[in-house]
Asker: 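Pasting in a structure now, in structure tokens, and then I'll have a few things to ask.
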Amino acid sequence: MNIKNFKPIIYFIPLAVIQLTVIPLIAVDNITPNIIFILIAYYTLMFGQSYGTILGFALGFIFDIISGGLIGASMISFTLSAFIAGYFYSDNKIDFNTKSFFFLLIIFICGSINSFIYAVISNSNTSVNTFYIILFEGLLPGLYTSLFGLPFVIISPKKGLS
Amino acid sequence: MLKFLKRILFQFKEYFLLVVLLVISLSLLSTNEKQQSKHLNSFALQNFSFFSDAINSMTSIFRKDISYAKLKEENAELMLEVNLLRKFSLENEKLRSLIGLKDSSKFPLIPVKVVSKLVTKIQGNFIINKGTGNGIIKGMPVISEKGLVGMIMETTEDCSVVRTLYNSNLNVAVTIQRENVDGVLSFDGKDLIIKNIPTSQDIQVGDRVETSDFSSLFPAYVPIGEIILKKTNDVGLLYNLTVRPFADIPGANVLFVIKIVPSKEINHLEMNLMK
């Protein structure tokens, strides 16, 4: 068993606690960043699509049961968004993908998809406007999440776009 | 043939993996109400609430605190209100004794602290720091000092999950106080809405909304909010009313669980309807 399989799970525990206790304090009109997705996207870009998909599935499952939410909702959204993030994975571009501003773009795209899928699955009210879900449950949380990816880029010594 | 299948499997292994994981997720999604899922959920919540509670007590110093003066002012206002209510209570008691009704308006409150929040635009859930060990059971209403917040959906020994009004899966039977019109309040992902109220009713912006005595899930007359917008539908026969809750649900920190034991059979039926 490789340590790379356990590292994200170790990081996940404090991040999940922060996600459920601290992040609601900085919610803007109920729009919150998803810091767990940043972890998933980071490891997907480091180790590839299959690894990310399984990681998204596993962390989504744990997050669902500890958050008191719908079991399966985060699993599906994390699995699918990690799978999509996996398309950005490249053996030669790991540094560029994870330590440049391109990382923020990936977080924004995949984070928006993640939030959108989660909203669609967990919403039972058919009268909710699709455009509203795309904007307020997809793009804005994705944008907010990508802001939280900034430390990865700023701390990193190699900035692909700088 | 076997070689060909192996090659296909290898070539599209990511897609196969995705499909398998999605199928598992979807099947878990459909077993949410099963007992095994609930046990697993309870076990995880019980363990996780320990961490949440520790972090929550640290972050509570960053929460905005109501000033002492404001509390005093509120206290004075409440004192006046209590006086008035006392007068009504005496009058009510006399009238009730005349028609032989028993008093059923007092409910014990259990103060609880919110330890974690699942904040999304559509699914509002809180985890609170008390559970079955403190007498909380599934279906009990949760209020703040201002009005209704939600309902207990899951309980463990030490914590419980509250489904808030900002959850599209929670529908509440309500009454518009001034006109005594009944309706169903639900969350549409953006606002709290009461749909399909006949335009023949004299509904005004600012009218107070409270829980209806038709509801067996919530005690009657718990304040919920006020109407801030009324829209007529395309045909012009029905209103859709937007309600602003009195309780500050996103900022909720200390809440109260009303310790009522709802009728088991009716509760079970209503809970099934909410699934």
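A, B, ... follow the sequence lines: proteins, then strands. Residue 1 opens every chain.
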Asker: With side chains defined as the heavy atoms from C-beta onward, is the minimum distance between B:L22 and A:I76 less than 4.5 Å?
Answerer: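 The answer is yes; the side chains approach within 4.5 Å.
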Asker: Testing the basics here: between B:V115 and A:T21, what is the closest heavy-atom pair and its distance to 0.1 Å?
Answerer: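 Result for this residue pair: O-CG2, 3.2 Å.
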Asker: At their closest point, which heavy atom of A:T53 faces which heavy atom of B:L18, and how far apart are they?
Answerer: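 Closest heavy-atom pair between A:T53 and B:L18: CG2-CD1, 4.0 Å.
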Asker: Sort B:E14 into side chain, backbone, both or neither according to what part of it lies under 4.5 angstrom from a heavy atom of chain A.
Answerer: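 When you check distances to chain A, atoms from both the backbone and side chain of B:E14 fall under 4.5 Å.
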Asker: Please flag which part of A:I62 lies under 4.5 Å from any non-hydrogen atom of chain B: side chain, backbone, both or neither.
Answerer: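 For A:I62, no heavy atom lies under 4.5 Å from chain B.
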Asker: Start with the C-alpha distance between A:Y132 and B:D188, add both sets of side-chain angles, then the distance that settles side chain to side chain contact (heavy atoms under 4.5 Å, CB included), and finish with yes or no.
Answerer: CA-CA 11 Å; A:Y132 179 86; B:D188 71 350; over 6 Å; no
Asker: Around atom NZ of B:K230, are there more than 12 heavy atoms of other residues, nucleotides or ligands at under 6.0 Å?
Answerer: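 Check passes, neighbour count above 12.
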Asker: With a 4.5 Å cut-off on heavy-atom pairs, point out which of A:I23, A:T79, A:L70, A:D64 contacts chain B the most.
Answerer: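 Heavy-atom pairs under 4.5 Å are most numerous for A:L70.
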Asker: Report yes if some heavy atom in the side chain of B:L21 is under 4.5 Å from a heavy atom in the side chain of A:F83; otherwise report no.
Answerer: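 With C-beta onward as the side chain, the pair stays apart.
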Asker: If we only count heavy atoms from C-beta on, is the B:I24 to A:F61 side-chain gap below 4.5 Å?
Answerer: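 Side-chain contact under 4.5 Å: no.
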Asker: At a heavy-atom distance under 4.5 Å, which candidate from B:L17, B:T31, B:L26 has the highest pair count against chain A?
Answerer: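 Looking at each option in turn, the highest pair count goes to B:L17.
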Asker: Fit a plane to each ring of A:Y87 and B:Y15, take the angle between them on a 0 to 90° scale, and name the class: parallel (under 30°), tilted (30 to 60°) or perpendicular (over 60°).
Answerer: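 Tilted.
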Asker: What part of A:F78 gets within 4.5 angstrom of chain B, counting heavy atoms only: side chain, backbone, both, or neither?
Answerer: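 Contact with chain B is absent: no heavy atom of A:F78 under 4.5 Å.
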Asker: Does atom CZ (A:F108) have a neighbourhood of more than 12 heavy atoms from anything else shown, all under 6.0 Å?
Answerer: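 Yes - once you tally the heavy atoms of other residues, nucleotides and ligands closer than 6.0 Å, there are more than 12.
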